[in-house]
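A short worksheet on the structure shown next.
No hydrogens, no waters, no symmetry mates; every other heavy atom, side chains included, goes into these values. The shown structure was predicted, so the numbers you read here are calculated from the model rather than taken from an experiment.
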2 protein chains.
Amino acid sequence: MGITKTEHFSEEQNELAILAKAIGHPARIAIIQHLIKVNSCVCGDIVNELPLAQPTVSQHLKELKNAGLIKGSFEGNAICYCLDEKGFHKIRGFFNQVNTYLENKKNQCC
Amino acid sequence: MGITKTEHFSEEQNELAILAKAIGHPARIAIIQHLIKVNSCVCGDIVNELPLAQPTVSQHLKELKNAGLIKGSFEGNAICYCLDEKGFHKIRGFFNQVNTYLENKKNQCC
DNA sequence: TATTTATATTGCAATATTACGATATAAAGA
DNA sequence: TCTTTATATCGTAATATTGCAATATAAATA
């Protein structure tokens, strides 16, 4: 089918999945890493940085933006992109829970 | 095309993407959350917990296992699953970097 | 206004993912 | 051994994702 049974899961579970899925592509990891390195940049810089055509990069940027992981603001005729706390803040809580659990567990099973 | 240009990205970028992608489905988020709650359980428990058929759950478990996010050990004729530190440890470094960056940045752009 | 520059959108082909019924496998117990 | 129980695998249909050429849009500049 290819269709996820979204309606059977909680809103939180769906939100976390959308965020993780948006991060789950090497090009989008590379974009996030580049934005950390240069703080902010225009789309064209990322096109030069990645081995992908401009429409493909534009599409990846759109997905990151939809997930709330980056944001863009107009700067002349270009668009300046940078990381968006909103998305990363949401997913941070989940990983904090996992890490806290793993630290206390100390492998008592499996 | 649907095919990711894996070879053009670094090994680290591909690894992180695989981990995030594995987490990026509400059923797999639910499985992780359930394992945190009950520490460890057999596949059948998860089938009862989720609104999905047994083969579908089995497939999700396989993906989480391949990514190194869960591990399973035989227990009689059942298999006991629990979280695997390995995968979560790898992705933790990435989110630590992002969070450290975001805390120091204080919104000076976009 | 015409051109250039920067980005987004459309359309499409190739591939991947999701879900599940049917079936296989493998250990446990009768 | 036969049956039950638990999980995995196969096959397949429906849908989603990835990537790009072609094209559209929109601001800047000549």
Are the charged groups of A:E103 and B:R92 less than 4.0 angstrom apart, N to O? yes
Among [options], which is the nearest nucleotide to the side chain of [X]?
{"X": "B:P55", "options": "C:dA19, D:dT9, C:dT9", "value": "D:dT9"}
{"X": "B:N77", "options": "C:dT18, D:dT5, C:dA8", "value": "D:dT5"}
{"X": "B:L52", "options": "C:dT7, C:dC20, D:dT7", "value": "C:dC20"}
{"X": "A:K62", "options": "D:dA28, C:dT9, D:dA8", "value": "C:dT9"}

Does [N] have its OP1 or OP2 closer than 4.0 Å to a side-chain nitrogen or oxygen of [X]?
{"X": "B:T56", "N": "C:dA19", "answer": "no"}
{"X": "B:Y81", "N": "D:dA8", "answer": "yes"}
{"X": "A:H25", "N": "D:dG19", "answer": "yes"}
{"X": "B:H60", "N": "C:dA19", "answer": "yes"}

Could you tell me the separation between the [atom1] atom of [X] and the [atom2] atom of [N], rounded to a whole number of Å?
{"X": "B:F74", "N": "D:dT7", "atom1": "CZ", "atom2": "P", "value": "10 Å"}
{"X": "B:F9", "N": "D:dG19", "atom1": "CZ", "atom2": "P", "value": "7 Å"}
{"X": "B:I31", "N": "C:dT18", "atom1": "CD1", "atom2": "P", "value": "11 Å"}
{"X": "B:Q59", "N": "D:dA13", "atom1": "CD", "atom2": "C1'", "value": "13 Å"}
{"X": "A:N66", "N": "D:dT17", "atom1": "CG", "atom2": "P", "value": "11 Å"}
{"X": "A:L61", "N": "D:dT17", "atom1": "CG", "atom2": "P", "value": "17 Å"}
{"X": "A:E49", "N": "C:dT7", "atom1": "CD", "atom2": "P", "value": "14 Å"}

Determine the contact category for [X]: base if any of its heavy atoms lies under 4.0 Å from a base atom, sugar-phosphate if only primed atoms, P, OP1 or OP2 are that close, otherwise nothing.
{"X": "B:E63", "result": "sugar-phosphate"}
{"X": "B:V47", "result": "nothing"}
{"X": "B:V42", "result": "sugar-phosphate"}

Any chance CD of B:E11 has more than 12 other-residue heavy atoms, nucleotides or ligands included, within less than 6.0 Å? no
Report, as yes or no, whether the 6.0 Å neighbourhood of atom NE2 on B:H89 holds more than 12 heavy atoms from other residues, nucleotides or ligands. no
Name the residue closer to the 5' end of DNA chain C, choosing between B:G76 and B:K21 according to the nucleotide with the nearest heavy atom. B:K21
DNA chain C: 5'-proximal contact among B:R28 and A:I79 (nearest heavy atom): A:I79
Matching residue for A:H60 among A:I31, A:I70, A:L50 - test: side chain to side chain contact (heavy atoms under 4.5 Å, CB included): A:I31
When B:C43 is tested against each of B:V47, B:D45, B:I46 for side chain to side chain contact (heavy atoms under 4.5 Å, CB included), which residue passes? B:V47
Along DNA chain D (nearest heavy atom to each residue), the more 5'-positioned of B:A78 and A:A53: B:A78
Confirm from the modelled atom types if A:Q54 and C:dA8 form a donor-acceptor pair under 3.5 Å, side chain to base only. yes
Any donor-acceptor pair under 3.5 Å linking the side chain of B:N39 with the backbone of B:L35? no
